[in-house]
Amino acid sequence: MERLSDWAFIVGHLNYWMFIILMMTGLYIVVARGNLVKKIVGLNIFQTSVFMLYISIGKVTGGTAPIYPVDMQGNLQVDPSIVYSNPLPHVLILTAIVVGIATTSLALALIIRIREVYETIEEDDILKIERELSAKDYKEHGPAMGGRA
Amino acid sequence: MSTVEVQHVAKTFIDHLPVLQVVIPLISAPLIVFIGNRKLAWLLAMAASATAFVMACLLLAQVKDGSYISYHIGGWAPPLGIEYRIDALNALVLMLISGIGTIVLPYAYNSVNAEIPKRHHTLFYALYMLCLTGLLGMVSTGDAFNVFVFLEISSLSTYVLVAMGAGKDTRALTAAYDYLIMGTIGATFFVIGLGLLYMATGTLNMADIADRIAEQGTNRTVQAAFAFIVVGMGLKAAMYPLHHWLPNAYTYAPSAVTAFLAATATKAAIYVLLRFMFSVFNPGFHFEDWTLYLIFIPFSLLAMFAASFVAVFQSDLKRMLAFSSIAQIGYMLIGIAMLNATGLSASIVHMVNHGITKATLFLGVGAMVMYSKTSFFDNLNGLGRKMPFTGAAMVAAGLSLIGIPGTAGFISKWVLVQAAFENGWWFIAVAIMLSSLLAVVYVWRMFEVLYLTAPDEGCTATDPPLPMLIPMLILAGACIWFGFDTELTLGSARVAAEGLLAGSAGMAH
């Protein structure tokens, strides 16, 4: 617990704090906003925060971009004294970025279909329409079985 | 823990099975889109998934004695390269997934014709194959990040498959949207957990992570990783308080999709949960025992009772079965929480048995919906009498859902109750019996509608065409077969449970 009050520790992990703030912001938007597109924006922020976490993991103090220098003939100039960042988390997060784009585009396509059918992208209005649909189902099918739709 | 590398060079065709059963459905998906012909697309999908099924059977035959196969992708040795690791647990789940995938396809041909606009058919088969690829990949890989990639492949295609029910009911769109939001949150939680694990151990190979955790013991980072992974996968597996996406997605998805998903998607997520809880984090991980007892048991009990209770009051058969699925997942999780070999084998065997049972029921409902257009009970009046074979299949599966002796469902519940007594938890055993009584109530409501009510005047319903009927009958037969011959299911499950309880040694080299 002593370390928690350590300023150097807190400031030194600024990127992790940002990760937590972004993550909570994104998650909050997903939950609190009623507009379907805004929810997707929140989801994007949430996913982006994870990119930040992964990229922070890859950082090595004093490390440079993990690319071996090459001379004019194309031969590798390996210098063991150079410190490189860990490239693996970067590669992983490239995959996650692609996944994020696919998710966003799919969600937006779904929203377009929802807009066509319900003529709104506000969650409250959609829920109202769906409640009416369920109430209609219930009226039609519910009493026959004594159940609820 | 020895770190001597097993020199693995895949020489024969058989050696390549672990990766082929994932790659073949994957390649078939774009091919299907390019072909663009509905019949050829179906044929290709069928061929690919049948091949995957045969391969899964061959794999299970190889590892049923408790050994494992380690396949190095591209010849790169783990832990640096990606490893596919097949043991009794995932071979069994692979067989379930590819088996259900294959059996549902002949049924899907007619069902898709009736439910989905023609121009989407080839895309449907392509997505179906992608979903199958994702699920198979998720289960067979031994690399933690690979699980995430395959999880997203299967999830993204699932969202679209669910949304394809929009032709029948527009609520499929919002169901798919809800599923997308929740599924993405779940997958992102999972990937945060993986990031934390990577921070703590510096590796992504599951066996390697397990070794490092065993060496260095637990710390705050590992505990946080565990929490994120359990919540993330719990969302995908529809663990009780995180189940909200499931009822709508199952109710409004096309019939074939519902049958396929109900039998496979949540099961794959539970497999990943098992793999991480036991093989990656050791069972001796003290933090885990604590979670298992305090979180899993109350929530599983809630699932067993609340979801069954809600199921009793539904007037839509598909929705009723969806709620029953949530309750059944409660059984699987409580088996895990018992933390003994019997309990684990109960949840593994229940994964298989419940998969088969639910697939039969959803296929049966789908056949009836072809005639009645909705799955509301009052539209299904007397259809069991009009469609004798479909009705018979649903009765067999319904009995298995309750757990009547002589059906598959009985075996898993029996083993589960045994496990509860082994721990001395008689109240859990009583709870399992009581919640089975609730299952009797809702399954009885289904029987009542199908057989004891008069069919509508001028009802022209007959059994569906053979391609739809045969899959149902095969699965219904399996419900009964696995109630008597438990050699394959329970036998493999016991071997798998031993492997899991051995912890990281079960993953060992």
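Small disclaimer: the values here were computed from a predicted structure and weren't measured.
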Is A:Leu43 close to chain B through its backbone or its side chain, or both, or neither, when contacts mean heavy atoms under 4.5 Å? side chain
Going through the checks in order, is the side-chain contact (heavy atoms from CB on, under 4.5 Å) test met by A:Asn44 and A:Gln47? CA-CA 5 Å; A:Asn44 261 322; A:Gln47 287 180 313; 3.9 Å; yes
Quick one: what part of A:Ala109 sits under 4.5 Å from any heavy atom of chain B, side chain, backbone, both or neither? neither
Region of A:Tyr16 in contact with chain B, defined by heavy-atom distances below 4.5 Å: side chain
Give the member of A:Leu88, A:Ile126, A:Leu92 that has the highest number of heavy-atom pairs under 4.5 Å with chain B. A:Leu92
Short N-O contact, A:Asp137 and B:Arg319, less than 4.0 angstrom: no
Under 4.0 Å between a Lys/Arg side-chain N and an Asp/Glu carboxylate O for B:Asp169 and B:Arg171? yes
Got a second to check how far B:Leu317's CG is from B:Leu450's CG, nearest 0.5 Å? 7.0 Å
For the interface with chain B, which of A:Asn86, A:Leu133, A:Leu53, A:Ile93 has the highest count of heavy-atom pairs at distances below 4.5 Å? A:Leu133
Hey, can you pull the donor-acceptor pairs under 3.5 Å for the side chains in residues 18-33 of chain A, sequence neighbours left out?
| residue | atom | partner | partner atom | Å |
| --- | --- | --- | --- | --- |
| A:Thr25 | OG1 | A:Ile21 | O | 2.5 |

Measuring heavy-atom distances to chain A, does B:Ala187 have an atom under 4.5 Å in its side chain, in its backbone, in both, or in neither? neither
When heavy-atom pairs shorter than 4.5 Å are enumerated against chain A, which of B:Val312, B:Val191, B:Thr374 gives the highest number? B:Val191
Per-residue tally against chain A (heavy atom, under 4.5 Å) across B:Thr174, B:Val149, B:Ile181, B:Asn379 peaks at B:Thr174
Using non-hydrogen atoms only, which part of B:Ile153 is less than 4.5 Å away from chain A: side chain, backbone, both, or neither? neither
Just verifying a value: how many Å separate A:Thr95 OG1 and A:Tyr54 OH, rounded to the nearest 0.5 Å? 10.0 Å
Would you check if the side chain of B:Thr133 reaches a backbone N or O of B:Met129 as a donor-acceptor pair within less than 3.5 Å? yes
Given heavy-atom pairs under 4.5 angstrom as the criterion, report whether the side chain, backbone, both or neither of A:Ile114 touches chain B. both
Heavy-atom contact with chain A under 4.5 Å, split by part of B:Tyr177: both
Within the 3.5 Å criterion, strictly below it, is a donor on B:Ser315 or B:Asp378 matched to an acceptor on the partner's side chain? no
